[in-house]
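Worksheet: one structure, shown below.
Proteins come first, then strands; the chains are lettered A, B, ... in the order of their sequence lines, and each starts at number 1.
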There are 2 protein chains.
Amino acid sequence: MHEDELDRRLEHFKEVCRHEGLKLTHQRMVIFEEVAKSRDHPDADTVFKSVRDKVPTVSLDTVYRTLWMLNAMGLITTVGPPREKVRFDGDVSPHHHFVCSRCGAVYDVHGPAFGPIQAPDEIEGIGQVESVRLELRGRCRRCASQIE
Amino acid sequence: MHEDELDRRLEHFKEVCRHEGLKLTHQRMVIFEEVAKSRDHPDADTVFKSVRDKVPTVSLDTVYRTLWMLNAMGLITTVGPPREKVRFDGDVSPHHHFVCSRCGAVYDVHGPAFGPIQAPDEIEGIGQVESVRLELRGRCRRCASQIE
DNA sequence: GCATATATCGGAACAGTTCCTAATTAGTAA
DNA sequence: TTACTAATTAGGAACTGTTCCGATATATGC
């Protein structure tokens with residue numbers, strides 16, 4: 001990534017914070033920068049260790065809080081569903097899932113609209129695909145109809 | 001689900017166990033039946049509680065061991081990536097991920113082959129889709145080239 | 001039935017994440 | 001600059017989901 005791009009993201013981050021009335025603490029900036037410039041999808045502990053090199057007293061809690069905050073603000077994303085326990089499915093036929101982000105309910109989606117998903121050619125250079133998992137997230141009907 | 005279908009699955013399960021030299025314990029059958037007949041993607045604790053009604057002394061460990069075994073045998077599947085910690089991604093542009101099931105490395109997949117994924121009409125009746133997550137799993141090049 | 005490899009139970013251990021509270025700090029206004 | 005205040009942090013305890021461990025029990029093959 002270009003130095004410029006990182007600066008641009010940092011500036012955007014500051015802007016969003018100001019706009020949301022969030023304080024621009026040193027910790028937050030270092031944590032954001034760490035994820036923004038990383039290319040290897042680090043876990044929380046990895047971020048924690050990197051940040052600690054620059055801010056020795058930072059706590060793991062702060063790292064977690066900040067990461068989820070950044071995620072909520074759309075400044076970073078996560079790989080895999082956040083904070084959920086494993087669930088099992090007796091149906092092994094090819095299908096996908098809709099997970100309600102509010103109540104956690106899981107709905108099967110068999111709809112043929114997707115068809116059998118095929119990996120793009122790019123994958124060739126990365127590895128051998130063994131399974132494809134498609135997960136839709138959102139608010140289910142029941143939750144959507146309830147007042148917040 | 002028809003009673004027949006459940007019986008068929010149970011019979012298939014027994015067959016696979018025999019073929020693999022796995023013992024057909026009462027616990028295993030009850031656990032498998034519980035997941036096979038469920039329609040709501042239960043978590044391990046839910047399965048545990050259901051099974052306990054029929055086998056009061058069953059342990060949570062047995063439930064977990066059995067569920068992962070069933071998963072490994074392809075008799076059930078999981079929702080969401082199993083046994084992994086959350087990882088973060090500073091890239092918020094639309095893209096997907098390839099996760100190596102052996103070393104855990106995550107690779108970005110931007111390939112246009114997928115295009116913007118669209119939810120099937122079936123979704124209309126389920127809820128409002130807020131995000132779509134596509135995850136490819138398999139063995140990455142580096143791992144594939146190593147002797148097991 | 002007997003032998004034995006396999007599976008189970010129960011509880012302790014573990015890992016990742018979140019909670020709690022006193023102390024600190026960024027932003028704001030005088 | 002200084003003082004004020006609400007937001008944020010550090011550190012460690014607590015929590016949750018999952019796995020490990022060792023003694024006991026059991027399914028299967030003979």
Worksheet item: Does A:R39 reach the side chain of B:D91, with side-chain heavy atoms less than 4.5 Å apart?
Response: yes
Discussion item. Less than 4.0 angstrom between a side-chain N/O of A:W68 and OP1 or OP2 of C:dT17, yes or no?
Written reply: no
Worksheet, complete the sentence: Once base and sugar-phosphate atoms are separated, protein heavy atoms under 4.0 Å mark nucleotides 22-30 of chain C, 5' to 3', with B, S and - as ---BBS---
Worksheet item: B:L67 CG to C:dA7 P: how many Å, rounded?
Response: 15 Å
Worksheet item: With distance as the sole criterion, is a donor-acceptor pair present between the side chains of B:H41 and A:D108 under 3.5 Å?
Response: yes
Worksheet item: Rounded to whole angstroms, how far apart are NZ on B:K14 and P on D:dT28?
Response: 10 Å
Worksheet item: How far apart are the C-alpha atoms of A:K54 and A:E34, what are their side-chain angles, what is the distance that settles it, and do they pass the salt bridge (charged side-chain N to carboxylate O under 4.0 Å, His left out) test?
Response: CA-CA 10 Å; A:K54 292 176 183 165; A:E34 210 56 52; 3.7 Å; yes
Practice prompt. Measure from CE on A:M69 to C1' on C:dT18 and round the result to the nearest Å.
Written response: 17 Å
Discussion item. Between A:F48 and A:V51, is there a side-chain heavy-atom distance shorter than 4.5 Å?
Written reply: no
Worksheet item: Parallel, tilted or perpendicular: which fits the ring planes of A:W68 and B:F88, with parallel below 30° and perpendicular above 60°?
Response: perpendicular
Discussion item. Contact list please: residues 45-65 of chain B against DNA chain C, heavy atoms, distance less than 4.0 Å, in numerical order.
Written reply: B:T57, B:V58, B:S59, B:D61, B:T62, B:R65
Worksheet item: Got A:D89 and A:H97 here, is their nearest side-chain heavy-atom distance under 4.5 Å?
Response: yes
Worksheet item: Does B:R87 reach the main-chain N or O of A:P42 with its side chain, forming a donor-acceptor pair under 3.5 Å?
Response: no
Fill in: Interatomic distance, B:D43 CG vs D:dG17 P [rounded to whole Å]
8 Å
Item to complete: Considering just the side-chain nitrogens and oxygens of B:Q27, establish if one lies under 4.0 Å of OP1 or OP2 belonging to D:dT26.
Response: no
